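Read through the structure below, which is laid out as structure tokens, and then see the notes.
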Protein chains: 2
Amino acid sequence: MTAANGRHAGATRGEDTVSGVVRQWQAVHPDLDTGPMEVIGRINRCAALLQQAEDAPLRRAGLSRPEFDLLGALRRTGHELTPGELARETFSSGAAVTKRLKQLTERGLVERRGDTRDRRVAHLRLTEAGRDLVDGILPEQLAYETSVLAVLDPPGQGELAGLLGELLGRLEGRLGALRT
Amino acid sequence: MTAANGRHAGATRGEDTVSGVVRQWQAVHPDLDTGPMEVIGRINRCAALLQQAEDAPLRRAGLSRPEFDLLGALRRTGHELTPGELARETFSSGAAVTKRLKQLTERGLVERRGDTRDRRVAHLRLTEAGRDLVDGILPEQLAYETSVLAVLDPPGQGELAGLLGELLGRLEGRLGALRT
DNA sequence: AGCAGGTGTTTTACTCGTAAAGGATTACCC
DNA sequence: GGGTAATCCTTTACGAGTAAAACACCTGCT
């Protein structure tokens, strides 16, 4: 075993699912370095659990997370965005954005306006209803997330955020570079 | 700003996407505590990036990640599993497992055997081809993951694994309890 | 002007996961 | 024992995302 959780040893009684899986793999393939699983497996599992939990407040408002991400992008940038910009901003494909925009405009949360110069592009903005919806959900959402994360003490959250930021920043940097 | 990354300050030049998003939100809603975003947003984004990168070695073998998870569950437990157990083990729905098993058996990677006692249940095991495939992919997969994670120094990986394990363990514990 | 090529968006065909209903079988309980 | 409930798995209908092609439009070159 490599260096693992260095934090106050007593608290790690948690025994998460991943550590069990890793133990099984090591029993079958004792020669393999399962270190990466303990990071990547946990990230994946955390993401799955958090999303499942997180979706609850959104679903009450009749939104999926990708839809909320799209509305949120419009809200937080504060100006109109084209479909392409929205796709980049929400890390999804253009086609997915097209479909979501169709639904959101039908629901009256988003408005589209054609560019006068370049008639290929459209500009999307939130309607008042859309803006109100986002502003209504966001505090609730953040409060909920805070309560979920409260299983970690604040310094732990800070460390975690820092490490993830470091990892993420570097991954985003060389994402295309590591094409094996 | 609350306590953030406490690690050697100089290294955090990374500026990941999430921090930009958080800054935008704070400009629009200065009163909101965006702390949770810095953790949850990063977990989600890391998961997305890692999976996208991770899938490369698997796709070469003609497997999706959920398929590999299923085969892996059979391999690491070392014994036969029922569809229900596989669903629990891979955190997916029973219906999804049914479909995947259908394909994997057609490809000759998995065999099914009916229970003699209870004729509702089936027992699945890897064929020799299936076992060989998993054993062939896994080292490659782990090596690849190692190289991806190498953007973090080993102590950082250890801390990250520890913190994620702590978070995950506690989330899994009270997952049903926080149904707001 | 006119056409080749590039860009921004949408459409199409397809895959995959899910929720809900369905079938089959077993277990409980009077 | 026999009917009702519980369990296990599969099927069905459907919603959502993707990749690739199609479409519409602009740009630059000759």
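Values in this document were obtained by computation on a predicted structure and should not be read as measured data. The sequence lines fix the lettering, A, B, ..., with proteins before strands; numbering per chain opens at 1.
Arg23(A) meets the side-chain hydrogen bond (donor to acceptor under 3.5 Å, both in side chains) test with Glu15(A); sequence neighbours excluded. Listed by chain and number, the residues in a side-chain contact (heavy atoms from CB on, under 4.5 Å) with Ala150(B) amount to none (sequence neighbours excluded). In this structure Arg125(B) satisfies the side-chain hydrogen bond (donor to acceptor under 3.5 Å, both in side chains) test together with Glu80(B), Glu111(B), sequence neighbours excluded. Scored by the salt bridge (charged side-chain N to carboxylate O under 4.0 Å, His left out) test, Arg119(B) finds no partners at all (sequence neighbours excluded). Scanning for side-chain hydrogen bond (donor to acceptor under 3.5 Å, both in side chains) contacts around Arg131(B) gives Asp135(B), with sequence neighbours left out. Take Thr146(B) and apply the side-chain hydrogen bond (donor to acceptor under 3.5 Å, both in side chains) test, not counting sequence neighbours, and it matches no residue. Here Arg100(B) pairs with nothing under the salt bridge (charged side-chain N to carboxylate O under 4.0 Å, His left out) rule; sequence neighbours left out.
Ion pairing between a basic and an acidic side chain is recognised when a charged N comes within 4.0 Å of a carboxylate O; Arg120(B) and Asp118(B) show such pairing. Using a 4.0 Å cut-off between charged side-chain N and carboxylate O, Arg76(B) and Glu89(B) make a salt bridge. Residues Lys102(A) and Glu106(A) are not paired through a salt bridge, judged by the lack of any N-O separation under 4.0 Å between the basic side chain and the carboxylate.
The stretch residues 69-91 of chain B has no heavy atom under 4.0 Å from DNA chain C, so no residue of it qualifies as close. Contacts between residues 92-101 of chain B and DNA chain C, defined by a heavy-atom separation under 4.0 Å, are made by Ser93(B), Ala95(B), Ala96(B), Lys99(B), Arg100(B). Scanning residues 112-123 of chain B for heavy-atom distances under 4.0 Å to DNA chain C yields Arg117(B), Asp118(B), Arg119(B), Arg120(B).
Annotation: side chain of Ile40(B) is in contact with side chain of Asn44(B) (closest heavy-atom distance under 4.5 Å).
Atom CZ of Arg113(A) sits in a crowded spot, with more than 12 heavy atoms from other residues, nucleotides or ligands closer than 6.0 Å. Shown here is Arg65(A), whose CZ atom has more than 12 heavy atoms of other residues, nucleotides or ligands within 6.0 Å.
Taking every nucleotide of DNA chain D with any atom under 4.0 Å from a non-hydrogen atom of chain A, the first and last of them, 5' to 3', are dA16(D) to dC26(D). For DNA chain C, the contact window with chain B, defined by any atom under 4.0 Å from a protein heavy atom, covers dC16(C) to dT26(C) in 5' to 3' order.
When all heavy atoms of Gln157(B) and Leu149(B) are compared, the pair lying nearest together is NE2-O, 3.1 Å. The minimum heavy-atom distance linking Pro36(A) with Asp33(A) is given by the pair CD-O, 3.5 Å.
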